[in-house]
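These numbers come from the heavy atoms of this one structure, side chains and all, not from hydrogens, waters or symmetry mates.
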Amino acid sequence: MTFVKKVFAKLKSIKNIEVYIALVLALVVVLIVFMGSGSKNTTKSVSDDTYISQMEHKICSVVEKIAGCGKATVAISYSSNEEHVYAYETTTTTSNGITKQTSSIVSVKGEPLVTKTLPPTILGVVVVAEGADNPIVKLKIIEVVVTLLNVQQKDVQVFTYKS
């Protein structure tokens, strides 16, 4: 208890203590603002990588269950950014018998209102699997990838696992 009293006594003896406290608080606020704004960009790229990693794992686990197929590895190439779909507000005005429509993005607190976030676009898929030397197994693998990822057959390459 006496320690606390000594600390307060020392603080009272410092001239312009209010200025020092205000500077410390301002520094804390600045740090919070800058740390908060920097983490948003990191989260987006991490979420893209996480999404692709989950899809690779999902396809790998399904492919390994195909009859005649053994161990498998999947790699997906994709566009670097997810896509946002924004809310629009349409205004119709009539002047001198002419109707004019204008659309603008709806914003909330200065930020555009996102109605949907689309995952990154998948550009191609490579599957390396045991048993892929069998044409029937290879076709089944391609069909699985095309179905799960909604990509075209030409964007999927399947190779035999190295012995």
Side-chain angles (χ1 to χ4, degrees), residues 21-94 98-163:
I21 291 173
L23 286 173
V24 169
L25 289 175
L27 180 64
V28 168
V29 169
V30 168
L31 287 174
I32 289 172
V33 168
F34 282 115
M35 290 176 74
S37 66
S39 65
K40 289 181 183 177
N41 294 336
T42 307
T43 304
K44 285 185 180 180
S45 64
V46 169
S47 68
D48 290 350
D49 291 340
T50 302
Y51 169 77
I52 293 299
S53 178
Q54 288 172 347
M55 294 309 294
E56 288 172 343
H57 183 271
K58 181 177 185 177
I59 291 185
C60 190
S61 67
V62 172
V63 165
E64 288 177 344
K65 292 180 174 110
I66 295 173
C69 187
K71 184 177 176 184
T73 303
V74 177
I76 298 174
S77 68
Y78 61 98
S79 64
S80 61
N81 294 324
E82 57 190 17
E83 186 177 335
H84 299 289
V85 178
Y86 299 103
Y88 284 90
E89 178 179 45
T90 303
T91 308
T92 305
T93 56
T94 304
I98 299 172
T99 302
K100 183 179 178 182
Q101 285 188 336
T102 56
S103 293
S104 60
I105 296 177
V106 176
S107 61
V108 177
K109 295 181 182 178
E111 294 289 323
L113 180 62
V114 178
T115 58
K116 187 182 349 178
T117 301
L118 303 173
T121 304
I122 295 174
L123 304 173
V125 182
V126 174
V127 179
V128 180
E130 291 176 344
D133 52 344
N134 181 333
I136 294 172
V137 172
K138 186 174 186 175
L139 181 62
K140 288 179 182 180
I141 293 171
I142 292 171
E143 288 175 359
V144 163
V145 173
V146 167
T147 302
L148 291 176
L149 294 178
N150 194 26
V151 294
Q152 295 184 3
Q153 192 170 1
K154 67 179 183 65
D155 297 329
V156 180
Q157 296 293 318
V158 178
F159 300 98
T160 304
Y161 214 93
K162 182 171 78 174
S163 301

Please find the pair of heavy atoms, one from [X] and one from [Y], that lie closest to each other, and give the distance.
X      : Y      : result
Ile105 : Tyr88  : CG1-CE2, 3.4 Å
Leu148 : Met55  : O-CE, 4.3 Å
Ala72  : Cys60  : O-SG, 2.9 Å
Ile52  : Ile122 : CD1-CG1, 4.5 Å
Ser107 : Gly110 : CB-C, 4.3 Å

Hey, what do you get for [atom1] ([X]) to [atom2] ([Y]), rounding to the nearest 0.5 Å?
X      : Y     : atom1 : atom2 : result
Lys100 : Thr92 : NZ    : OG1   : 11.5 Å
Leu149 : Tyr78 : CG    : OH    : 13.5 Å
Thr73  : Glu64 : OG1   : CD    : 7.5 Å

Side-chain polar contacts of residues 130-146 - donor-acceptor pairs under 3.5 angstrom, sequence neighbours left out - could you list them?
residue	atom	partner	partner atom	Å
Glu130	OE1	Lys71	N	3.1
Asn134	OD1	Ile136	N	2.9

| said: Please enumerate all residues that pass side-chain hydrogen bond (donor to acceptor under 3.5 Å, both in side chains) together with Ser104, with sequence neighbours excluded. | reply: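 If we apply the side-chain hydrogen bond (donor to acceptor under 3.5 Å, both in side chains) test to Ser104, skipping adjacent residues, there are no hits.
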| query | Val114 versus Tyr86: any side-chain heavy-atom pair under 4.5 Å? | reply |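 A side-chain contact under 4.5 Å exists here.
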| message | Can a donor-acceptor pair be found, under 3.5 Å and without considering hydrogens, that links the side chain of Ser79 to the backbone of Thr121? | response |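 Yes; at least one donor-acceptor contact below 3.5 Å.
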